[in-house]
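Let me begin by presenting the structure, written as structure tokens, before commenting on it.
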Amino acid sequence: MERSLWTERLTKTSCPAWTCSICGKGFLSSYGETKFFLTAASNAANRVSDSKYNHEFIVTAWAKCSNRKCEQKFAILGSGHNEKEFPDNPDSTSDLYFTPKACHPMPDIISIPHNVPKPINELLKDSFKLFFIDTNSCAAKIRTSLEYLLDHFGIIRERTNSKGKSCELNLHARLAEYEKVEPNRASKLLAIKWLGNAGAHEHGNVNQDGLLDAYEIMENVLKDIFCPREPEITALANNLTNKYKP
Ligand SMILES: [Zn+2]
């Protein structure tokens, strides 16, 4: 995951090199015509002020996958401002810079190994779609994916209490169970759970920076579990030893 790609702003002719979620091979680049219009509020302000630099525009832009066998088109919505390249120079040219508010289809923010169970894959992909739209709901989706990850680890969802009644374990209790076998990994997943809890709260305050932290952790954990390189590296070492050891 290249974190800076998700905080970069777009211009009329440039789009961050997000990975195409359709083919998984190509990268997005700006394509077609970018349209931008002043918001009604900025239009009204324009009538009483001649400064054009603080006015807000709503933007529609397009991008295309660089893979010639794919060439999927992406629609991007955003909002932004005209800004001078050199703010202190009155003669400096200005350009439109905008922040994405939605992208369809949504590119993948992290790479998900192909052998990740379907519900985890689907929840993470659903969370990507919410990244620009609703950060709290995005965090809640990532949190839900943890439940399925714990299923994969064989952590029970229910337990029988002292009265013989079946009780559902909440995510925190399940992570505590997992902590007994994998304390290091469990503490990382617990951090994602806290973020998800904040997102699910009525006045959630999750920002994109927090989401990117969670995605980095998740990508690392998934790689560690579903495509560990240790056996591969051991095989390479054995191969070298057999071949070259005198
Ligand atoms: Zn593609």
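Each ligand, and each atom within it, is numbered from 1 in the order the structure gives. Starting from 1, each residue takes its place in the sequence as its number.
You'll find the side chain of S111 stays beyond 4.5 Å of the side chain of T19, heavy atoms only.
Scored by the ring pair (Phe, Tyr, Trp, His ring centres under 6.0 Å) test, W62 finds no partners at all (sequence neighbours excluded).
For the 3.5 Å distance criterion, the side chains of E56 and T39 fail to qualify, holding no donor opposite an acceptor.
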- Task: Apply salt bridge (charged side-chain N to carboxylate O under 4.0 Å, His left out) to the pair E177 and R159, showing each step before the final yes or no.
- Result: CA-CA 12 Å; E177 285 297 314; R159 121 175 345 139; 2.6 Å; yes
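The cationic group of K64 does not satisfy the cation-pi geometry with F74, failing either the under 6.0 Å distance to the six-membered ring centre or the 45° limit from the ring axis. Under the 6.0 Å distance and 45° angle rule, R157 counts as a cation-pi partner of Y148.
Legend: protein N/O/S atoms lying under 2.8 Å from the Zn ion (ligand 1), waters omitted, number 4.
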